Amino acid sequence: MTLGQKQRLFARLVPRLIDKAHELGYEVTLGDAFRDPRVHGALGVKLGYGHASSGHKQKLAIDLNLFENGVYLADTAGHRRLGEWWEKQHADARLGGRFDDGNHYSLEFNGVK
């Protein structure tokens with residue numbers, strides 16, 4: 001699968017992820033999605049915040065902020081149910097909680113999560 005094909009797949013899956021969050025009783029706000037290389041550096045370059053090799057730089061990651069009963073779920077454990085569902089949606093679906101980035105949902109491409 002090419003990067004462009006993977007990006008289009010990711011764009012199709014993200015609305016399902018948000019719908020599932022609501023179905024599970026969460027409220028959602030959006031965090032980072034694409035990280036522009038002019039601000040964050042090219043893939044492999046650390047500039048600003050975030051990982052040098054981030055799926056955000058490839059348009060393959062989004063950070064979702066979950067709320068339950070109006071309370072922000074700040075830790076990885078709060079994303080477990082939604083994240084485990086996400087991981088079943090595609091063989092390359094990754095939950096950032098597996099690598100200390102709890103609210104990060106992505107599709108892996110060429111080893112970048």
Side-chain angles (χ1 to χ4, degrees):
M1 186 175 287
T2 68
L3 176 57
Q5 290 169 324
K6 185 76 65 100
Q7 289 168 335
R8 291 186 292 277
L9 171 63
F10 184 67
R12 261 196 331 269
L13 292 174
V14 167
R16 295 179 191 162
L17 174 65
I18 294 169
D19 286 344
K20 186 63 176 182
H22 289 124
E23 183 183 310
L24 291 172
Y26 301 112
E27 292 179 301
V28 177
T29 63
L30 304 177
D32 280 4
F34 177 56
R35 292 190 183 150
D36 190 313
R38 295 170 294 182
V39 177
H40 296 280
L43 188 64
V45 175
K46 176 137 175 80
L47 182 63
Y49 66 89
H51 194 281
S53 294
S54 171
H56 293 280
K57 294 180 177 187
Q58 295 180 305
K59 301 178 186 173
L60 292 175
I62 190 167
D63 294 339
L64 294 182
N65 305 308
L66 299 184
F67 296 81
E68 192 167 41
N69 300 317
V71 176
Y72 174 59
L73 303 178
D75 62 2
T76 296
H79 288 261
R80 183 165 291 121
R81 282 193 309 154
L82 182 60
E84 288 175 353
W85 176 88
W86 171 250
E87 291 173 323
K88 293 175 186 171
Q89 302 315 296
H90 192 275
D92 293 330
R94 303 290 181 258
L95 171 63
R98 306 276 186 213
F99 46 91
D100 208 26
D101 190 0
N103 70 337
H104 176 97
Y105 297 81
S106 64
L107 288 182
E108 185 172 339
F109 183 75
N110 289 341
V112 175
K113 303 174 197 171

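These numbers were taken from a predicted model, which means no experiment stands behind them.
Aromatic ring centroids of His90 and Phe10 lie 6.0 Å or more apart.
When side chains are defined from C-beta on, Leu9 counts as touching Met1, because their heavy atoms get closer than 4.5 Å. Put simply, the side chain of Leu66 reaches to within 4.5 Å of the side chain of Val28, judged on heavy atoms.
Put simply, CZ on Arg16 and CD on Glu23 are 13.0 Å apart, with the number rounded to the nearest 0.5 Å. Taken from CH2 in Trp86 to CG in Leu13, the straight-line distance is 4.5 Å, to the nearest 0.5 Å. The distance from atom OH of Tyr26 to atom CD1 of Ile18, rounded to the nearest 0.5 Å, is 15.0 Å. Put simply, CD on Glu68 and CD on Glu27 are 10.0 Å apart, with the number rounded to the nearest 0.5 Å. Atom CD of Glu84 is separated from atom NZ of Lys88 by 7.0 Å, given to the nearest 0.5 angstrom. Distance check: Asn103 CG to Leu73 CG gives 10.5 Å after rounding to the nearest 0.5 Å.
Judged by distance alone, with hydrogens and angles left aside, the side-chain atoms of Asp36 form a donor-acceptor pair with the main-chain N or O of Arg38 at under 3.5 Å. Under the 3.5 Å distance criterion, the side-chain polar atoms of Lys6 are matched with a main-chain donor or acceptor of Glu108. When atom types are taken as modelled, the side chain of Arg80 and the backbone of Thr76 share no donor-acceptor pair closer than 3.5 angstrom. Judged by distance alone, with hydrogens and angles left aside, the side-chain atoms of His56 form no donor-acceptor pair with the main-chain N or O of Phe34 at under 3.5 Å.
Under the 4.5 Å side-chain heavy-atom criterion for ILVMFWY residues, no single connected hydrophobic cluster contains both Tyr72 and Leu17. Hydrophobic clustering (ILVMFWY, side-chain heavy atoms < 4.5 Å, transitive): Leu30 and Tyr105 are in one cluster. Connection of Leu107 to Trp85 is established within a shared hydrophobic cluster, with ILVMFWY side chains joined at heavy-atom distances below 4.5 Å, either directly or through further cluster members. Leu24 and Ile62 fall within the same hydrophobic cluster, defined by Ile, Leu, Val, Met, Phe, Trp and Tyr side-chain heavy atoms under 4.5 Å apart, directly or through other members.
A salt bridge links Asp63 with Arg35: the closest approach of a Lys/Arg side-chain nitrogen to an acidic carboxylate oxygen falls below 4.0 angstrom.
When all heavy atoms of Phe109 and Leu60 are compared, the closest pair comes out as CB-CD1, 3.4 Å.
When the options Arg94, Lys113, Lys20, Arg98 are evaluated for a salt bridge (Lys or Arg N to Asp or Glu O under 4.0 Å) with Glu87, the one that passes is Arg98.
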